[in-house]
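Okay, so here's the structure we're looking at.
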Amino acid sequence: MSLELNDVTLTYPDGDGRLTALDRVSLEVPGGGLTAVVGPSGSGKSSLLAVAATLIRPDSGSVAVDGERVEGLAPGRLAELRRSRIGIVFQQPNLLASLTAAEQLQVMAQISGRPPRRARPRALELLEAVGLADQAERRPHQLSGGQRQRVNIARALMNDPAVLLVDEPTSALDHERGAAVVDLIARLTRGQGTATVLVTHDRAHVGAADRVAEVFDGRLRLPAATG
Amino acid sequence: MFVAWRDLRFAKGRFALIGAVIVLITLLVGMLSGLTAGLARENVSAITGLPADRIAFDGAEGDGGPSFSDSAVTGSQWREWARAPGVESAEPLGIATTKAGAGDGASTAVSVFGVRPGGGLGPVPEGVGDDSAVLSEGAAEALGADEGDSVTLASRELTVAAVRGDASFSHTPVVWTPLGAWQDIAPPSGPSGGDGGGEAATVIALTTDGGPDTDAAVADTDERAGTTTVTKADSLAAIGSYTSENGSLQLMRGFLFAISALVIGAFFTVWTIQRGPDVAVLKALGASTGTLLRDALGQALVLLVGGTAAGTAAAAALGAAVSGSDVPFVLTPGTVLAPAAVMVALGALGAALSVRRITSVDPLTALGSAR
């Protein structure tokens, strides 16, 4: 289980020219490792996450998810890769309003072609792991912001991903609940053995990471171990 | 359908609203279909019930097409058809609209159908004289007359020989008379009428053998006899009131179908736009576009089939309630189920065109600040 980005460059159209979002970025995250990526707004953090999530094809460079190179893969195969080996924790929980907490997780089985009913024990197990065992039948509007974010995290782990990509998980939470969420991600990363990238603009929560990489103007500064 | 079913349950109000619209449109289409068929039956049942497959009208084929009100065939034309190859039976048929009266003062407009007694075209048996008539049930009811009673047709007194069938023509009940009586009541006045041929009538009802050369033989005979022959189904267009009435009602039905497809399409367009963020999330999580399209279309079909079934049941119940009354309503699978099937098909088409925008939803938008 690992995530590898090698010499990735990504540009966007910008008027008559192009804006460089990622400039020859290389990053390797081993299984069970949590790498925090920090940087100011517009520095390229979310672009890095989008490339790692196979949602954008970079202009150059290569991306490998759990050992499989993704450049050249058809859209259908990329979708399959996302549902089977990549877990995404969105900045906003992005939960579906009509589903209960348990069903938010079961839907991952459905989109993978498995009967959602059979996935229910696993969904309840994960909800317990994120401290929401007693909230399984509640819908998003009946949950607090922190609880919704924990459902978001549990959903990302539902299909046992090799890679976990976490996008600003604390942006809508106060400091205490933000710290709890990051600690949860760190614990699950080690427990599940996922290669986790945590993107955040808030350095207050990077203490739980194995290492911290900094992005500035699309360039990734070499990570330093934080213990 | 995992998410689709839950959406249906969660957004009850929204789906109940569009479901009610589908029910009401289906009810309207069902009622209109039954009414159209009922009115058509009152207009043409005497023609559709004829034991014949083609109708020969007087005159060569012109721009205006054949017309029951303008046609007047002669005895010589009938005899030409009677000996034509491929024709098993050629029977003159006189049609006229006149006023009928009964002894107690009851009167009504009727269509008088003159046929040869025992010719098999109408219920006038062989041996019935020119002073007799056979009433359809509608005519008998309107006149309050029964077998053995006297009725007057255009001042001519006739005895009711029997009451048979419920044929009607151009919204009037049919009175069957021997051709001789019909000629007295309503002599043909068209361009070929009254040439002394004896059996002058309005049209000639033909029964052909249906062989491969029939069409050519019919065309040859048309040319020799100076007639225009069409199939029985096509001859309905020669009834002026049927063409205009049926055309208007079918146009209304067509518009209702188009409106239903547009309304359903508009609903699912708005619904799909509202679901855009959810679709982006599901795509980002790895859902294939095909899975999402199947889910959305399945949801539309559940709504369509449910709403159409309820509307069809309501139309059938209402139709059954009114079909025994004076309202001309026909309640058959053709008038109730066929429109329902068209509703579902057109609604599904409208929904399919709407939900296809799922294919263009970019999963990247789920990441929010990626661009």
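Convention: sequence-line order gives letters A, B, ...; per-chain numbering from 1. Treat the numbers as computed from the prediction; the structure is a model and nothing was measured.
Remark: B:Val270 engages B:Gln274 in a side-chain contact (heavy atoms from CB on, under 4.5 Å) (not counting sequence neighbours). Residues meeting the side-chain contact (heavy atoms from CB on, under 4.5 Å) test with A:Arg139, sequence neighbours left out: A:Thr100, A:His141, A:Gln142, B:Phe10. By the side-chain contact (heavy atoms from CB on, under 4.5 Å) test, B:Ile273 pairs with B:Thr269, B:Arg357, sequence neighbours left out.
A cation-pi arrangement is not found for A:Arg18 relative to A:Tyr12, the charged atom failing to lie both closer than 6.0 Å to the ring centre and inside a 45° cone about the ring normal. Judged by a 6.0 Å distance limit and a 45° cone about the ring axis, B:Arg253 is not positioned over the six-membered ring of B:Phe257.
Neither the backbone nor the side chain of B:Pro277 comes within contact range of chain A, judged by heavy atoms closer than 4.5 Å. There is no contact between A:Ala21 and chain B, counting heavy-atom distances below 4.5 Å. Within the 4.5 angstrom heavy-atom criterion, atoms from both the backbone and the side chain of A:Ile88 approach chain B. Contact annotation for A:Gln92: neither backbone nor side-chain heavy atoms come within less than 4.5 Å of a heavy atom of chain B.
Contact check on A:Arg203 versus A:Glu214 returns a salt bridge, with a Lys/Arg side-chain nitrogen under 4.0 Å from an Asp/Glu carboxylate oxygen.
Between atom OG1 of residue A:Thr196 and atom CG of residue A:Leu164 there is a gap of 4.0 Å, rounded to the nearest 0.5 Å. Expressed to the nearest 0.5 Å, how far OG of A:Ser46 lies from CG of A:Leu55 amounts to 11.5 Å.
Ring geometry for B:Trp271 versus B:Phe15: interplanar angle over 60°, hence perpendicular rather than tilted (30 to 60°).
Of the listed residues (A:Gly113, A:Ala156, A:Pro116), the greatest number of heavy-atom pairs within a distance under 4.5 Å of chain B belongs to A:Pro116. Comparing A:Ala97, A:Ala53, A:Ser112, A:Ser41 by how many heavy-atom pairs each has under 4.5 Å with chain B, the most go to A:Ala97.
Interface with chain A: from residues 285-308 of chain B, residues B:Leu285, B:Gly286, B:Ala287, B:Ser288, B:Thr291, B:Asp295 qualify, criterion being any non-hydrogen pair under 4.5 Å.
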